[in-house]
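Working notes for the structure below.
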Amino acid sequence: MAEAPRAALALIDCNNFYVSCERVFDPRLRGVPVGVLSNNDGCFIARSEELKALGVRMGTPAFQIRDLIRRHRVRVLSSNYALYGSMSARVNAVLVGFAPAEAYSIDETFLDLAGIAGRDLRPLCQDLRATVLRWTGIPTCVGVGPSKTLAKLANAAAKADPALGGVCDLTEPQARAAVLAAFPVAEVWGVGPATAAKLAALGITTAAGLRDLDPKQARALGTVALERLVWELRGLACLDLELVAPPRKGLAVTRSFGRPVTTLAEALEAVAAHATRAAEKLRAHGLVAGRLSAFAHTAPHHPGPQHHAARATALVPMTADTRDLVAAAGRCLAAAWRDGFAYAKAGVVLEDLCPPEAAPRTLFDAPRPGSERLMAAVDRLNARFGRGTVFPAAAGTERAWAQRAAHRSPRYTTRLDELPVARA
DNA sequence: TCTGGGGTCCTAGGACCC
DNA sequence: TCTGGGGTCCTAGGACCC
């Protein structure tokens, strides 16, 4: 009987992805501590190795380490998602040339190496890293294992130990034992703080400990997800590679305000702008929505009275028309609004998404005539002349509530007027 | 003064039905 | 002197991920 092909999944993870993207286009950022901030210039969401070495943790609020930033001349950047999204597409374009691929997140891709398994995979993985680096400028690490969870774990091991040269292969059970015994269970993919605490109470602190937990006990302790994790750590793949992206279920546009908002009029403007952006995203996916909710809430970190204003409504008929979504969002927020609070954040969430041809027909609520053609024209104008060229009046022009983004780099790869310039 | 945004999956519990 | 059992659907909230 022929032996079944050995399962081998590779996870390619870009190193310090956002920082690496910035460094591709600005060499002055190389070799110095660099951090990229979240929206609103709030906290650090990407750090160069030099910044990690200074002890700056993921998610640290920028204002808390102002001193350290000045002392060590940390280069601080606002996030530039147009650049990162486009660089991510470049990396994936390289990877799909190697093997069937699942783009898991903006900086991680799984590859199915089963067809190539049975020989040493390390030279292939090194070739893959070198090709991505040469063609995109982005450094990566590669982890290989018989399941997604073990591939993730192998990747973390490759990142942690420079001696491995950026590649760690855990397909062989002998290779796994030592790595799992040294790997903190709290860092296993799928184990968050709540589960880690429950496991610690049982004396389980390493990935090896979780692997050896009775699957039934794992299910009782957590959920079916924790039981699956035990099997995955034992080398049994429970999570399939998703070569075709599953249909999207929901979509949200939420933003903190640049400063506290106290009036309904201002919050309505913000929510109209968010609904406008949500409608654009919805149409870009070729979908319509059946349900919308809008919210505004106060800042949970701040003292003072807290309030979370939120309402949802059905969209009948289902729609992707900016005018419908802006109107629905405004009605929801106005209905939920209470005066007397300092609101910090607002958003619009769309759910029950489906392609228009799958949307139920309604007898009495006909869709707006000409909606599709009008929206297509608006999208074309905004694509050609820049986002925000055409927008509903309700979204306002003052935008005093808008976010800070004081340090954004140019959109090198997606805007002609922001192309990098080389002087020779 | 200053603490992100956008997703998915799972479960419990209520409403409702036969 | 005593109130079934089982099924589906929906929603809210928790947990986790990047």
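Predicted model only: the values in this text are computed from it and were never measured.
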(request) Could you tell me whether the phosphate oxygens of dT3(B), OP1 or OP2, come under 4.0 Å of any side-chain nitrogen or oxygen in K345(A)? (result) no

(message) Nearest 0.5 angstrom please: R259(A) CZ to N40(A) CG, how far?
(response) 12.0 Å

(message) How about CZ on R387(A), more than 12 heavy atoms from neighbouring residues, nucleotides or ligands closer than 6.0 Å, or not?
(response) no

(request) Select base, sugar-phosphate, or nothing to describe what G59(A) touches, counting heavy atoms under 4.0 Å on all strands. (result) nothing

(message) If the cut-off is 4.0 Å, is T254(A) near the phosphate of dG6(B), judged by side-chain N/O to OP1 or OP2?
(response) yes

(message) Check the phosphate of dC17(C) against K152(A), side-chain N and O only, distance under 4.0 Å to OP1 or OP2. Yes or no?
(response) no

(request) Check every strand shown and say whether R259(A) touches a base, only sugar-phosphate, or nothing at a heavy-atom separation below 4.0 Å. (result) nothing

(request) Go through dC10(B), dC2(B), dC18(C) for me and flag the one nearest to the T223(A) side chain. (result) dC10(B)

(request) Anything below 3.5 Å on both distances counts as a pair; with that, list the stems of at least three consecutive Watson-Crick or G-U pairs involving DNA chain B. (result) B:5-18 with C:5-18

(message) So V349(A), base contact, sugar-phosphate only, or nothing? Heavy-atom distance under 4.0 Å.
(response) nothing

(request) Work out which heavy atom in R176(A) is nearest to a heavy atom in P146(A); give both atom names and the distance. (result) NH1-CG, 3.4 Å

(request) Take atom CD of Q64(A) and atom C1' of dG4(B), then tell me their distance rounded to the nearest Å. (result) 14 Å

(request) Under 4.0 Å between any heavy atoms, over every strand shown, what does T195(A) touch: base, sugar-phosphate, or nothing? Just pick one. (result) sugar-phosphate

(request) Give a yes or no on whether the ring-centroid distance for Y343(A) and H297(A) is below 6.0 angstrom. (result) no

(message) By nearest heavy atom, map N39(A) and R66(A) onto DNA chain B; which one lands nearer the 5' end?
(response) R66(A)

(request) May I ask you to evaluate whether H274(A) reaches the phosphate of dG5(B), defined as a side-chain N or O under 4.0 Å from OP1 or OP2? (result) no

(message) Does dG4(B) have OP1 or OP2 under 4.0 Å away from a side-chain N or O of Q403(A)?
(response) no

(message) Could you report the tightest heavy-atom contact between K148(A) and D240(A), atom names first, then the distance?
(response) NZ-O, 2.8 Å

(request) For dG4(B) versus dC17(C), give the span between their C1' atoms, rounded off to a whole number of Å. (result) 14 Å

(message) Any base atoms under 4.0 Å from D107(A), or only sugar-phosphate, or nothing? Heavy atoms, all strands.
(response) sugar-phosphate

(message) Would W189(A) and Y104(A) count as a ring pair (Phe, Tyr, Trp, His ring centres under 6.0 Å) here? Give the steps.
(response) CA-CA 13 Å; W189(A) 190 39; Y104(A) 172 71; 5.5 Å; yes

(message) Please find the pair of heavy atoms, one from V142(A) and one from C125(A), that lie closest to each other, and give the distance.
(response) CG1-SG, 3.7 Å

(message) What is the separation between atom CZ on F257(A) and atom C1' on dT3(B), rounded to the nearest whole Å?
(response) 16 Å

(request) Return the value, rounded to whole Å, for the distance between atom OH of Y18(A) and atom P of dG4(B). (result) 15 Å

(request) Give the rounded distance in Å between these two atoms: CZ of R291(A) and P of dC10(C). (result) 11 Å

(request) Just compare dT11(B), dG6(B), dT3(B) and give me whichever is closest to any side-chain atom of V224(A). (result) dT11(B)

(request) Let me know the distance between CD of E227(A) and P of dC9(B), rounded to the nearest Å. (result) 18 Å

(message) What's L37(A) touching, base or sugar-phosphate or nothing? Going by heavy atoms closer than 4.0 Å.
(response) nothing

(request) List the atom of A177(A), the atom of R211(A), and the distance in Å for their closest heavy-atom pair. (result) CA-NH1, 4.3 Å

(message) Strictly distance-based, threshold 3.5 Å: is any side-chain N or O of R129(A) a donor or acceptor partner for the main-chain N or O of G165(A)?
(response) yes

Every protein N/O lying under 3.5 Å from an N/O of nucleotides 13-16 of chain B:
none

(message) Is the phosphate of dC10(B) approached by R228(A) (side-chain N or O, under 4.0 Å from OP1 or OP2)?
(response) yes

(request) Just compare dT3(B), dT8(B), dG4(B) and give me whichever is closest to any side-chain atom of S38(A). (result) dG4(B)

(message) Over all strands shown, is A194(A) touching base, sugar-phosphate only, or nothing at heavy-atom distances under 4.0 angstrom?
(response) sugar-phosphate

(message) Under 4.0 Å, counting only non-hydrogen atoms across every strand here, what does K198(A) touch: a base, just sugar-phosphate, or nothing?
(response) nothing

(message) At 4.0 Å (heavy atoms only), tell me whether E351(A) reaches a base, stays on the sugar-phosphate, or touches nothing.
(response) nothing

(message) I need the CD1-C1' distance between I69(A) and dC2(B), as an integer number of Å.
(response) 11 Å

(request) May I have the distance from E102(A) (atom CD) to dC18(C) (atom P), rounded to whole angstrom? (result) 13 Å

(request) Would you please say whether a donor-acceptor pair under 3.5 Å links the side chains of T171(A) and D169(A)? (result) yes

(request) Would you mind classifying the nucleic acid contact of R219(A) as base, sugar-phosphate or nothing, using non-hydrogen atoms under 4.0 angstrom? (result) nothing

(request) Would you kindly say whether E22(A) and Y84(A) are connected by a side-chain donor-acceptor distance under 3.5 Å? (result) yes

(message) Is it the case that the side chains of N80(A) and S409(A) hold a donor-acceptor pair, with the cut-off being a distance below 3.5 Å and no angle test?
(response) yes

(message) From CD of E280(A) over to P of dG6(B), roughly how many Å is that when rounded to an integer?
(response) 13 Å

(message) From the set dG4(B), dC18(C), dG6(B), return the single nucleotide nearest to any side-chain atom of A252(A).
(response) dG6(B)

(message) Please compare R255(A) and P246(A) by the position of their nearest nucleotide in DNA chain B and report the one closer to 5'.
(response) R255(A)

(request) Would you mind classifying the nucleic acid contact of N40(A) as base, sugar-phosphate or nothing, using non-hydrogen atoms under 4.0 angstrom? (result) nothing

(request) May I ask you to say what P300(A) touches in the nucleic acid, namely base, sugar-phosphate or nothing, with a heavy-atom cut-off under 4.0 Å? (result) nothing

